[in-house]
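A short write-up of the structure that comes next.
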Amino acid sequence: MRVLLPLPLADAYDYSVPEGMEVTAGHFVVVPLGRRETLGVVWGEGSGEVAEAKLRDIVGILPALPMAEPLRRFVDWVSAYTLAPPGAVLRMAMSAPSALEAPKTELVYRPVAAASDDTLKMTAARRRVLEQLKEGPALSAAELAHLAGVGTSVIKTMTSAGLLEAVERVVRRRFPQPDGTREGHTLSPDQKVAADSLVEKVKAHAFSATLLDGVPGSGKTEVYFEAIAAALAIGRQALVLLPEIALTAQWLRRFEDRFGAAPAAWHSGLTSLERRETWRGIAEGRVGVVVGARSALFLPFADLGLIVVDEEHDGSFKQDDGVSYNARDMAVVRARLMAAPIVLASATPSLETVANVAAGRYGSQHLPARPGERRLATMAAIDLRREPPDRGRWLAPRVVKAMGEVLAAGEQTLLFLNRRGYAPFTLCRGCGRGLECPQCSAWLVEHRFRRTLVCHHCGYSEPPARSCKHCGAVDQFVACGPGVERLAEEALELFPEARTELFTSDSLMNRNAASEAIDRMEKGEIDILIGTQMAAKGHHFPKLTLVVVVDADLGLNGGDLRAAERTFQLLYQVAGRAGREDRPGRALIQTHMPEHPVMQALVSADRDRFVSAELADRAVAKMPPYGRLASLIISGPDAAAVDNVCAAIARHAPHQTGLSVLGPSPAPLALLRGRHRRRFLLKAPRDVAVQPLLRSWLAQIGLPGSVRLQIDVDPYSFM
Ligand code: ADP
Ligand code: ZN
């Protein structure tokens, strides 16, 4: 038998099956590997490449449900597409190893049928115990004693008297079932059309992909809730993928209000016990709805009938380290392999998805307006060249005035700046040099509240010093540019009476702290919220009427392929936070480039024009979604060794019409964690599959142990 191990090996290994062992594909097994034993999954019949006599035996089969065929095919598919070793992908599908072990058991008690007439042995207490067991399931001694109001010793004596018998039962966490028959909100006519169409697709039990497109607050969530209800009604499971930071207590509460029970959440904050129980519940079909970040895609669903990817354009669906995959794209593959529909929801769909709709590969449903009278925020650009902030400040006078009005009206302001810390870099006035990370080509960012300088790329930190290590000047450091902490300082100076709070991953270290801050904001206990993109996603703040984008140009400076697209999506989302309930909202966008197409599109609220212009540019440049990209990142501690490998890669580069290979060039982050980095970019027409090209190209390259080669198909990061 072929057994795939959850290790980054090139292929699966053959093993023999000992006499008397029944093994089929999908079984989780223990096999010898070198001198140790390891877990693996039976992947199919042996390859026959190794002589029968040389094969080693499978040691044992784990008492877990076998991995279903669609999931095994998915693992193969992801591996073939991303060029990651199949075992590295399998590892993501085995993220709860303890769920594979024999489940814990407990003793439960049930009545012995004939014994109940035995009036001689009956007491009032014993009767109450039997009463509890009359219709319900067998119960543990503790449960039974509690329900009947007796001591556990009564249960024991009843058992020895032959009135009860003890049986062993697997301990299972009970998952309350979301109820698909409960009524949701009365949908608007547009919502109804969209929901009906999705419900039909769920009932069809076949693959389809649909874009659910509508401005923030247009009711997309309510619509896909209907599709989830439909999946539950026919007894199938549903998976909702959310960007990690959108996966909040608020979303879960809303789901619970709609369905009467919470979904199973799958994210990095689960305890190992929770992981194990949830994993099993999903495999055994006892969990109806799972909501999770991208890793939930690899869970062992028993019968998946619907996938929803909310905020489908979000960059966090792309994983860059380890296996480089885009969970949104792979979710489409997973849906196809499970013959299930997938819904991609967004107010600002990715250009990839828009192109797929235009080409007829995906369907689409559009929600044109917010239900009721709610209006989208009005957006205005503030030209910082003509209306500069006061010296040493970052907020333009018009913004300050608007904040004052909002405060006086008892409403809320969000100051959005996608920059953690106090200032993005720190300069010595003595020698003019900035403070750099010793292991990365990046500035150290001052975090004033934590009193430290931090590298946002590798996590290196050092305490702030008074003297410059280059020129020795004392107390000559100046903070350059604003970060959210500096903005909070400014807000506090301008409006000392206002309740001001920071919303960033530094100030809110965990999920609970973030949820509490969101609650305070919802209840109106915060006047001015200052946040990074954590604050931009999916929250509903009823009294938020002013959103200020402090530096709209920030994302455009990097200049990568998606800079404009991403900036537009982010700012549109942020601005969409304003004016949710019955209050009109406005967004003020501070920029040095009010004439830039992104700013123009925001101010004129013309998303579609922006999208078509951007798509046209991409088509001309033959860039995604009209072309394919793959990057190679070569890195190592020794620059010369890295350059040698790059030279070999360049020598063997494929030549083919329409194909171009750019590089090697130093990566923008030329040094990361002490490793020198170079990049190649392969650009190919859309109808060329880049995987076989890459495979045969890179097969010719020998890698010294210290040099790492990372392949990123469909790259999102160009750092
Ligand atoms: P989106 O997902 O497009 O941002 P939501 O589904 O979150 O929009 O809806 C925004 C708000 O409007 C939510 O508070 C939601 O409960 C409410 N809402 C949506 N649809 C309806 C409806 N048909 N009736 C009443 N309230 C609705
Ligand atoms: Zn660093």
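Start at 1 with the first residue, then count along the sequence. Just so it is clear, the structure is predicted and the values come from calculations on it, not from any experiment.
With hydrogens and angles ignored, the 3.5 Å screen pairs no side-chain donor or acceptor of E446 with any backbone N or O of R448. E405 contributes no side-chain N or O that, together with a main-chain N or O of A409, makes up a donor-acceptor pair within less than 3.5 Å. Between the Q600 side chain and the P594 main chain, a donor and an acceptor come within less than 3.5 Å of each other. Using modelled atom types, one side-chain atom of S441 and one backbone atom of A670 make a donor-acceptor pair closer than 3.5 Å. With hydrogens and angles disregarded, a donor-acceptor distance shorter than 3.5 Å links the side chain of H596 to the backbone of V598. Between the side chain of D390 and the backbone N or O of R393, no donor-acceptor pair lies under 3.5 Å. Judged purely by atom type and a 3.5 angstrom limit, K523 has no side-chain atom pairing as donor or acceptor with the backbone of I518. Between the side chain of D712 and the backbone N or O of S631, no donor-acceptor pair lies under 3.5 Å. Listed for the R486 side chain is a donor-acceptor partner under 3.5 Å among the backbone atoms of G481.
Using a 4.5 Å heavy-atom cutoff, the side chains of V445 and C455 are not in contact. At a threshold of 4.5 Å between non-hydrogen side-chain atoms, the residues S635 and L672 do not count as touching. With contacts defined as side-chain heavy-atom distances shorter than 4.5 Å, the pair R398/Q590 does not qualify. Taking 4.5 Å as the limit, some side-chain heavy atom of W251 sits within range of a side-chain heavy atom of V240. Y460 places a side-chain heavy atom less than 4.5 Å from the side chain of P438. Using a 4.5 Å cut-off on side-chain heavy atoms (C-beta onward), L252 and P263 make contact. Contact annotation: the side chain of P424 never approaches that of W443 to less than 4.5 Å [non-hydrogen atoms, C-beta and beyond]. Counting heavy atoms from C-beta on, the side chains of L546 and M403 come closer than 4.5 Å.
Residues Y224 and D310 have side chains that bring a donor and an acceptor to within less than 3.5 angstrom of each other. Residues S665 and R679 bring no donor and acceptor atom of their side chains to less than 3.5 Å of each other. A donor and an acceptor atom, one from each side chain of E312 and T353, are located under 3.5 Å apart. Side chain to side chain, S316 and D314 meet the donor-acceptor criterion of an N or O pair below 3.5 Å. A donor-acceptor pair shorter than 3.5 Å can be found between the side chains of D519 and Q250. For the residue pair T532 and N418, no side-chain donor N or O sits within less than 3.5 Å of a side-chain acceptor on the partner. H313 and S346 share a donor-acceptor pair across their side chains, judged by distance under 3.5 Å alone. Side-chain N/O atoms of E565 and Q569 include a donor and acceptor closer than 3.5 Å.
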- Message: Run M379 and R586 through side-chain contact (heavy atoms from CB on, under 4.5 Å) and show every step you take.
- Response: CA-CA 6 Å; M379 303 194 208; R586 60 186 156 151; over 6 Å; no

- Item | Worked verdict on F225 versus F255 for ring pair (Phe, Tyr, Trp, His ring centres under 6.0 Å) | CA-CA 8 Å; F225 276 179; F255 183 98; 5.7 Å; yes

- Message: Checking L444 against T426 for the side-chain contact (heavy atoms from CB on, under 4.5 Å) test, could you report, in this order, the C-alpha distance in whole Å, the side-chain angles of both residues, the deciding distance, and whether it holds?
- Response: CA-CA 7 Å; L444 289 176; T426 306; over 6 Å; no

- Would Q412 and L529 satisfy side-chain contact (heavy atoms from CB on, under 4.5 Å), going step by step from the backbone distance to the final call? CA-CA 8 Å; Q412 296 169 311; L529 188 69; over 6 Å; no

- CA sep, side-chain torsions, deciding dist, call: F495, I528, side-chain contact (heavy atoms from CB on, under 4.5 Å): CA-CA 9 Å; F495 304 102; I528 304 174; 4.0 Å; yes

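Nearest heavy-atom pair across F610 and A601 is CB-CB, 3.4 Å. Minimum heavy-atom separation, A491 to I530: CB-CD1, 4.2 Å. The two atoms that bring K220 and D213 nearest to each other are CD-C, 4.3 Å, heavy atoms only. Smallest separation of non-hydrogen atoms from L395 and E490: N-OE2, 3.1 Å. The minimum heavy-atom distance between L270 and A265, with the atom names listed, is CD1-O, 3.4 Å. Nearest heavy-atom pair, L241 versus A293, reported as atom, atom and distance to 0.1 Å: CD2-O, 3.5 Å.
Applying the salt bridge (Lys or Arg N to Asp or Glu O under 4.0 Å) criterion to E462, with sequence neighbours excluded, gives K469.
Contact check on R385 versus E595 returns a salt bridge, with a Lys/Arg side-chain nitrogen under 4.0 Å from an Asp/Glu carboxylate oxygen. A salt bridge does not link E485 with R420: none of the charged nitrogens is closer than 4.0 Å to a carboxylate oxygen. At a threshold of 4.0 Å, the pair E501-R520 counts as salt-bridged, since one of the basic side-chain nitrogens sits closer than that to a carboxylate oxygen. Ion pair R254/E222 flagged as a salt bridge, since at least one NZ, NE, NH1 or NH2 atom sits closer than 4.0 Å to an Asp/Glu carboxylate oxygen. Here R566 pairs with D560 in a salt bridge; the nearest charged N to carboxylate O distance falls below 4.0 Å.
The neighbour count for R433 CZ, taken as heavy atoms of other residues, nucleotides or ligands under 6.0 Å away, does not exceed 12. Around atom NZ of K318, more than 12 heavy atoms belonging to other residues, nucleotides or ligands sit under 6.0 Å away. For R708, the CZ atom counts as loosely surrounded, since its 6.0 Å shell holds 12 or fewer non-hydrogen atoms of other residues, nucleotides or ligands. Dense packing is recorded around CZ of R429, with more than 12 heavy atoms of other residues, nucleotides or ligands lying under 6.0 Å away.
Cation-pi check for R607 over F568 is not met; the charged atom does not lie both under 6.0 angstrom from the ring centroid and within 45 degrees of its normal.
In this structure, Q533 CD and F503 CZ are separated by 11.5 Å, a value rounded to the nearest 0.5 Å.
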